[in-house]
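Here the structure comes first, spelled out in structure tokens, and everything after it is commentary.
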Amino acid sequence: METAYQEQAKVFKALCDPKRLAILEQLRSGEKCACILQEPLGLTQSGLSYHMKILCDSGIVTSRQEGKWTHYRLSSSGRDYAVELLKELTTPNIEQEVSCSRCG
């Protein structure tokens with residue numbers, strides 16, 4: 001069973017690699033077939049598959065099968081989740097602020 005932190009970490013893992021960022025940039029112009037994505041990045045089919053699994057597991061990208069090819073596109077719900085997660089994790093929760101007894 002995955003913890004909430006493990007699930008949340010998938011979003012940041014998806015965004016922490018230059019190749020995956022380049023893939024996301026390509027997908028900004030619309031759905032793309034795997035064959036189109038791998039060529040400009042110089043990736044093998046297995047290399048692209050590795051990166052796409054991470055992107056899809058994060059929820060930021062979704063896929064659909066058409067014949068022998070997989071087509072990928074950005075997910076608006078995945079994007080919204082990633083944005084909200086980042087905001088939540090970087091916004092102080094003043095109500096739960098605890099002062100350190102050692103610091104004074």
Side-chain angles (χ1 to χ4, degrees):
M1 184 172 136
E2 287 193 347
T3 68
Y5 294 126
Q6 288 170 318
E7 192 63 32
Q8 292 170 349
K10 290 179 181 180
V11 171
F12 298 105
K13 181 177 181 178
L15 299 173
C16 74
D17 182 88
K19 295 252 188 220
R20 290 193 285 276
L21 293 176
I23 291 167
L24 292 174
E25 181 64 33
Q26 286 190 50
L27 293 175
R28 290 183 64 210
S29 63
E31 183 179 82
K32 301 271 187 311
C33 175
C35 63
I36 301 296
L37 290 171
Q38 74 185 70
E39 209 171 291
L41 297 171
L43 290 170
T44 62
Q45 191 278 328
S46 63
L48 178 67
S49 184
Y50 168 78
H51 290 295
M52 296 316 296
K53 178 169 179 13
I54 292 169
L55 287 166
C56 288
D57 285 351
S58 75
I60 295 172
V61 172
T62 60
S63 66
R64 69 176 180 84
Q65 201 70 33
E66 187 175 296
K68 71 175 194 164
W69 292 105
T70 305
H71 295 258
Y72 298 97
R73 64 177 163 61
L74 296 174
S75 165
S76 58
S77 62
R79 176 201 60 227
D80 294 344
Y81 173 72
V83 168
E84 286 306 310
L85 177 60
L86 182 60
K87 282 194 326 191
E88 180 183 320
L89 291 173
T90 59
T91 301
N93 189 345
I94 296 176
E95 295 167 7
Q96 291 185 346
E97 191 173 307
V98 178
S99 58
C100 177
S101 59
R102 289 181 254 167
C103 298

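Below, all heavy atoms of this structure are taken into account, side chains as well, without hydrogens, waters or symmetry copies. Sequential numbering from 1 along the given sequence is applied to the chain's residues. Worth saying up front: this structure is predicted, and the values here are computed from it rather than measured.
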Would a 4.5 Å heavy-atom cut-off, applied to side chains only, mark Pro40 and Gln26 as touching? yes
Which heavy atom in Asp17 sits nearest to a heavy atom in Lys19, and how many Å separate them? OD2-N, 2.9 Å
Partner of Arg73 under side chain to side chain contact (heavy atoms under 4.5 Å, CB included), picked from Thr62, Val61, Leu27, is Thr62
For Ile60 versus Ala14, what's the shortest heavy-atom pair and its separation? CD1-CB, 4.2 Å
Return the CD to CG distance between Gln8 and Leu86, rounded to the nearest 0.5 Å. 11.0 Å
On a heavy-atom basis, which atom in His51 and which in Ile23 lie closest, and how many Å separate them? CB-CD1, 3.8 Å
Less than 4.5 Å apart, side chain to side chain, heavy atoms only: is that true for Leu85 and Phe12? yes
What pair of heavy atoms forms the shortest contact from Ala82 to Val11, and how long is it? CB-CG1, 3.6 Å
Where Ile54 and Lys13 come nearest, the two heavy atoms and their spacing: CD1-CE, 3.8 Å
Thr44: side chain to side chain donor-acceptor pair (under 3.5 Å) partners, not counting sequence neighbours: Ser46
Please round to the nearest 0.5 Å and tell me the distance separating atom OH of Tyr72 and atom SG of Cys56. 5.5 Å
Do other residues, nucleotides or ligands put more than 12 heavy atoms under 6.0 Å from Arg28 CZ? no
Output the distance between atom SG (Cys33) and atom CD (Glu39), rounded to the nearest 0.5 Å. 11.0 Å
Met52 side, atom CE; Asp57 side, atom CG - distance, nearest 0.5 Å: 11.0 Å
Do Leu89 and Tyr81 belong to the same hydrophobic cluster, where Ile, Leu, Val, Met, Phe, Trp and Tyr are linked whenever their side-chain heavy atoms lie under 4.5 Å apart, directly or via other members? yes
Considering non-hydrogen atoms only, spot the tightest contact between Gln38 and Gln45 and give its length. NE2-N, 3.7 Å
Within 6.0 Å of CD in Gln65, more than 12 heavy atoms from elsewhere: yes
Interatomic spacing from CG in Leu43 to CG in Leu37 - rounded to 0.5 Å: 9.0 Å
Do the side chain of Glu7 and the main chain of Ala4 share a donor and acceptor less than 3.5 angstrom apart? no
